Amino acid sequence: MSRGVLGRLSLRLAHEVLHRAEPVMGRLVHPQRLPWLGRLPAMPEVGSLRSPARPWAPVVGEAPGELRTQPGIGRLPDDEDRAARERPLHSFFALHADAVAVVSGHLWPALVSVAPRLVRSTQALVASRAEPVGARVEEDPAALSAALRSEATALGISAVGVTAYDPRYQFAEFRTGDEVGDRVIVCILEQNHDATRRIPSERSEQAALSTYAQLQDRLVGLTRWLHARGYTARAENYIGESMFIPYAVAAGLGQLGLNGQLLTPHAGSRCRINVIHTDAPLPFDEPVDYGLEGVCDRCQACVRRCPVGAIPAQRREHRGIVKAKLNTKRCLPIVTQAAGCSVCMKVCPVQAYGLPAVLEEYERSGEILGTHTDALEGYDWPLDGRHYPPGEKPHVPAAIVRPAGYAFDPDRVDPPSGHPVLG
Ligand code: SF4
Ligand code: SF4
């Protein structure tokens, strides 16, 4: 979405003013001070901050054969097991605790406005873990599954799926021995479309954080519903104690996109994910090949449009997983200095139009809907206030790509000692 000359000027000026306030505001909005922000009044969830909160209809029909690859993520099981054994996964916030202050400093405009709401929803979620579990009524698993999905719909969750708990996806900091059950309920909430079209901007960052808060409220509701039926249930918070995307793919809710994000058939990656661990005997869902990897191979819009070329065009094996490995060393400084960036989400046709429309166009013309058009691939860049149509990208100076005093080592495998674990 191009804002016009005045809109881009205000985007640029607002970004400059907010950037100049970073030295002071970044210190105030450090993650360790977020509980204090929970006492402030919250920005109302109106307009583009509000999730559509509509349940997604089941996907009907199949993708053409040439778009299909495999259900689930391509993996080399032995290599994946070895990586999990020898180099267990850590939370980003533990592994890169030194970068967190820098990240939160740059994102203060989004954090300061949404943090009160986000903090309160996180506190309610943590409190829900300790609420009493009722007497168990034995239920037929299929009936329990139908009742769970009906409750999720009533709560305004866009989609749920169930898969097996996998300790390989649990961050080492959170393997505390109090894990709950052998199942994971993956919950997804759609993010507002208009806010996502305004990427990159502070407004779209606010919408992302606000959607996390709205999803946490719904997880509290679903946790209480499980407790009332006699099942233990423990919701993770939005920061995450495990890798959400592999769970979501295993539960059939989408496939892994070239941009490294979960692509759902309904909204691409324009959604937020969270999980509830439970011992409820829910039947497992299966991974589904929606043809999304085939769409990615023919689309490549995120690869073309990333301002710093951080997304590779080809997948390769990493820790036993076959994926396009994002260059986080190039990406993270842009995320922190360009209003959260996320151009790779904005330009994705599955995010913008949904998979059914993309497949319809592909079957009609052999093209991926919207690619090479300004409506999809164009974006306004907050660092210079210019609009970049397809074929043009901003020049990102070295001072932005490699900012002074910015310590971030993407190859680090063990957290530095002495940093608190957030979560
Ligand atoms: S922009 Fe295209 S290549 Fe990138 S994730 Fe979306 S569909 Fe896949
Ligand atoms: S967030 Fe921006 S810099 Fe990072 S991969 Fe996406 S488009 Fe590239």
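Just so it is clear, the model here is predicted, and its values are computed rather than measured.
- Because its NZ or CZ atom is both nearer than 6.0 Å to the ring centre of Phe284 and within 45° of the ring axis, Arg183 counts as a cation-pi partner of that residue.
- When side chains are defined from C-beta on, Glu66 counts as touching Tyr362, because their heavy atoms get closer than 4.5 Å.
- Contact detail for Ser242 and Gln170: the closest heavy-atom pair is CB-CA, 3.9 Å.
- One N or O on the side chain of Gln337 and one on the backbone of Pro333 form a donor-acceptor pair closer than 3.5 Å.
- To the nearest 0.5 Å, atoms CG (Asn259) and CD (Gln300) are separated by 11.5 Å.
- At distances below 3.5 Å, at least one donor-acceptor pair connects side-chain atoms of Arg12 with backbone N or O atoms of Leu383.
- The side-chain heavy atoms of Val343 and Lys393, taken from C-beta on, include no pair separated by under 4.5 Å.
- The backbone N or O of Gly72 lies less than 3.5 Å from a partner atom in the side chain of Gln70, making a donor-acceptor pair.
- Annotation: side chain of Cys344 is not in contact with side chain of Cys306 (no heavy-atom distance under 4.5 Å).
- Using modelled atom types and a 3.5 Å distance limit, the side chains of Gln216 and Thr122 yield a donor-acceptor pair.
- For Lys346 and Asp380, the salt-bridge test fails: no basic side-chain N is under 4.0 Å from an acidic carboxylate O.
- Applying side chain to side chain donor-acceptor pair (under 3.5 Å) to Gln191 and the options Arg272, Arg270, Gln351 leaves one that passes, Arg272.
- Checking Ser158 against Glu190 by side-chain atom types alone, no donor-acceptor pair falls below 3.5 Å.
- For Asp194 and Arg50, the salt-bridge test fails: no basic side-chain N is under 4.0 Å from an acidic carboxylate O.
- For the residue pair Arg68 and Tyr290, no side-chain donor N or O sits within less than 3.5 Å of a side-chain acceptor on the partner.
- Put simply, the side chain of Pro389 reaches to within 4.5 Å of the side chain of His387, judged on heavy atoms.
- Pairing each heavy atom of Cys271 with each of Trp56, the nearest pair is CB-CH2, 4.2 Å.
- No salt bridge links Arg319 with Glu80; every basic N to acidic carboxylate O contact stays at or beyond 4.0 Å.
- In this structure, CZ in Arg402 is found 9.0 Å from NZ in Lys329, a value given to the nearest 0.5 Å.
- One side chain, Ser210 or Gln214, offers a donor N or O that lies under 3.5 Å from an acceptor on the other.
- When only modelled atom types and interatomic distance are considered, His395 and Asp384 share no side-chain donor-acceptor pair under 3.5 Å.
- Taking CG of Leu148 as the reference point, atom CG of Leu222 lies at 5.0 Å (rounded to 0.5 Å).
- By the 4.5 Å heavy-atom criterion applied to side chains, Thr69 and Gln255 are counted as neighbours.
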Check your understanding: Going through the checks in order, is the side chain to side chain contact (heavy atoms under 4.5 Å, CB included) test met by Thr264 and Leu355?
Key -> CA-CA 8 Å; Thr264 63; Leu355 183 63; over 6 Å; no

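- Side-chain contact check for Asp79 versus Pro77: every heavy-atom pair is 4.5 Å or farther apart.
- A donor-acceptor pair under 3.5 Å is formed between the side chain of Arg305 and the backbone N or O of Glu377.
- Among all heavy-atom pairs drawn from Pro88 and Arg85, the shortest one is CD-O, 4.0 Å.
- Classification of the Tyr247-Tyr169 ring pair by plane angle, with boundaries at 30° and 60°, yields perpendicular.
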Review point. Stepwise, does the side chain to side chain contact (heavy atoms under 4.5 Å, CB included) test hold for Arg364 with Leu359?
Key: CA-CA 8 Å; Arg364 191 186 67 78; Leu359 291 184; over 6 Å; no

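- Val162 places none of its side-chain heavy atoms less than 4.5 Å from the side chain of Val186.
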Check your understanding: Between Arg234 and Glu179, does a salt bridge (Lys or Arg N to Asp or Glu O under 4.0 Å) hold up when you go through it step by step?
Key -> CA-CA 8 Å; Arg234 184 183 193 281; Glu179 290 87 355; over 6 Å; no

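- A donor-acceptor pair is defined here as one N or O able to donate and one able to accept, closer than 3.5 Å; no such pair exists between the side chain of His90 and the backbone of Glu173.
- Under the 3.5 Å distance criterion, the side-chain polar atoms of Arg218 are matched with a main-chain donor or acceptor of Leu155.
- Looking at heavy atoms from C-beta onward, Ile188 lies out of side-chain contact with His266 at the 4.5 angstrom threshold.
- Between atom CG of residue Asp182 and atom OG1 of residue Thr278 there is a gap of 8.5 Å, rounded to the nearest 0.5 Å.
- Between Ser48 and Asn192, the shortest heavy-atom distance links the atoms O-CB, 3.1 Å.
- Looking at Val275, Asn237, Ile276 one by one, the single match for side-chain contact (heavy atoms from CB on, under 4.5 Å) with Leu219 turns out to be Ile276.
- Minimum interatomic distance between Met345 and Thr196 (heavy atoms only, all atoms of both residues): SD-CG2, 3.8 Å.
- Of the possible donor and acceptor atoms, none in the side chain of Lys323 sits under 3.5 Å from a partner among the backbone N and O of Gly74.
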Exercise for review: Please test Glu241 against Arg129 for salt bridge (Lys or Arg N to Asp or Glu O under 4.0 Å), starting from the C-alpha separation and ending with a verdict.
Suggested key: CA-CA 14 Å; Glu241 299 170 11; Arg129 297 171 179 168; 3.3 Å; yes

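- The line from CD1 of Ile199 to CD of Glu205 is 7.5 Å long, rounded to the nearest 0.5 Å.
- Other residues, nucleotides and ligands contribute more than 12 heavy atoms inside 6.0 Å of the CZ atom of Arg298.
- Taking all atoms of both residues into account, the shortest heavy-atom contact from Trp381 to Ala338 is CH2-CB, 3.6 Å.
- For the atom pair CD of Glu236 and SG of Cys187, the computed distance is 11.0 Å after rounding to the nearest 0.5 Å.
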Point to revise | Stepwise side chain to side chain contact (heavy atoms under 4.5 Å, CB included) check, Tyr353 with Leu376 | key: CA-CA 9 Å; Tyr353 309 119; Leu376 181 68; 3.7 Å; yes

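- At most 12 heavy atoms of other shown residues, nucleotides or ligands fall within 6.0 angstrom of atom CD in Glu360.
- With hydrogens and angles left out, the side-chain atoms of Arg149 and Thr153 include no donor and acceptor closer than 3.5 Å.
- Ring pair His277/Tyr165: centre-to-centre distance below 6.0 Å.
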Practice item. Just do the side chain to side chain contact (heavy atoms under 4.5 Å, CB included) check on Leu262 and Leu256 with the steps written out, would you? Key: CA-CA 5 Å; Leu262 174 74; Leu256 183 60; over 6 Å; no

